[in-house]
Amino acid sequence: NIVAFLSQHAGRVMTYAAIVRAMKFAPEGERGMSGGRGTAWGRIEDYRRVSNLETLIAVMCESRQGVDNIEEIVRVPGVDAVFIGAFDLSQSLGVAGQTQHPVVEEAIAHVLAVCRQAGVIPGIVAPGVELARRRIQQGFRYVTILDDMAFFADSVAQRLKQVKEG
């Protein structure tokens with residue numbers, strides 16, 4: 001059973017509404033129904049209601065379009081969190097790779113404020129301990145510090161260093 005879903009590269013409200021419809025059972029959505037594995041073969045009582053309550057839907061805000069539409073996006077029923085993709089956002093704002101550039105920070109602050117006001121969980125990627133701490137202090141509640149490939153690469157580098165050191 002899906003308990004969390006994170007969309008990517010969507011900036012239009014219609015797209016987010018379609019995602020929610022696809023992820024929620026009736027009456028909140030149009031998700032297909034099955035009595036199989038997801039329902040523990042029928043053993044989960046009131047499965048559709050429980051699933052609708054427990055499924056987290058997070059949508060990405062990683063473009064100028066997403067920032068421009070954020071007030072509408074947070075009002076889409078069923079959107080629980082907005083996760084800022086700072087790298088793609090920096091590209092969309094014309095400062096590719098400069099995730100802490102003032103124009104990017106301004107967009108991030110705007111999305112954060114709108115999310116907090118709407119009661120939607122604000123999230124962001126924050127590569128590095130200090131940046132992660134700063135984002136948490138700013139009010140972000142969903143912070144990733146590395147992606148899976150970065151964790152893997154760090155682990156490999158540490159082990160190779162240990163092998164070379166003998």
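Positions are given from 1, in the same order as the sequence printed here. Just the heavy atoms: all of them, side chains too, but no hydrogens, waters or symmetry mates, feed the values below.
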Checking the side chain of Asn52 only, and the main-chain atoms of Phe25 only, is there a donor and an acceptor separated by less than 3.5 Å? yes

Atom CD1 of Ile84 and atom CD1 of Ile70: how far apart are they, to the nearest 0.5 Å? 7.5 Å

Same apolar cluster: Ile136 and Phe140, side chain cutoff 4.5 Å: yes

To the nearest 0.5 Å, what is the distance between CD1 (Ile145) and CD1 (Ile124)? 14.0 Å

Mark yes or no for whether Asp80, through its side chain, and Ala58, through its backbone, hold a donor-acceptor pair below 3.5 Å. no

Do the side chain of Tyr16 and the main chain of Pro77 share a donor and acceptor less than 3.5 angstrom apart? no

Same apolar cluster: Leu53 and Met23, side chain cutoff 4.5 Å: no

Using the side-chain contact (heavy atoms from CB on, under 4.5 Å) rule, take Val79 and Val20 through it: C-alpha gap first, then chi angles, then the decisive distance, then the call. CA-CA 7 Å; Val79 169; Val20 172; 4.0 Å; yes

Intermediate values then yes/no, salt bridge (charged side-chain N to carboxylate O under 4.0 Å, His left out), Glu130 and Arg133: CA-CA 5 Å; Glu130 291 306 315; Arg133 287 181 180 149; 3.0 Å; yes

Which atoms form the tightest heavy-atom contact between Val67 and Cys61, and what is the distance? N-SG, 3.6 Å

Please tabulate, one pair per line, all N/O donor-acceptor pairs under 3.5 Å involving side-chain atoms of residues 104-123, not counting sequence neighbours.
unit_1, atom_1, unit_2, atom_2, d
Glu105, OE1, Arg135, NH1, 3.0
Glu105, OE2, Arg135, NH2, 2.8
His110, NE2, Glu71, OE2, 3.0
Arg116, NH1, Gln138, O, 3.1

Lys24 NZ to Ile57 CD1 distance, which is reported to the nearest 0.5 Å: 5.0 Å

Strictly by ring pair (Phe, Tyr, Trp, His ring centres under 6.0 Å), give each pair with a member in residues 54-96 just once, sequence neighbours left out. Phe83-Tyr142

Could you give the side-chain donor-acceptor pairs of residues 95-103 under 3.5 Å, partners two or more places apart or in another chain?
unit_1, atom_1, unit_2, atom_2, d
Gln100, OE1, Arg134, NH2, 2.9
His101, ND1, Val103, N, 3.1

Which atoms form the tightest heavy-atom contact between Ser51 and Arg31, and what is the distance? OG-NH1, 3.3 Å

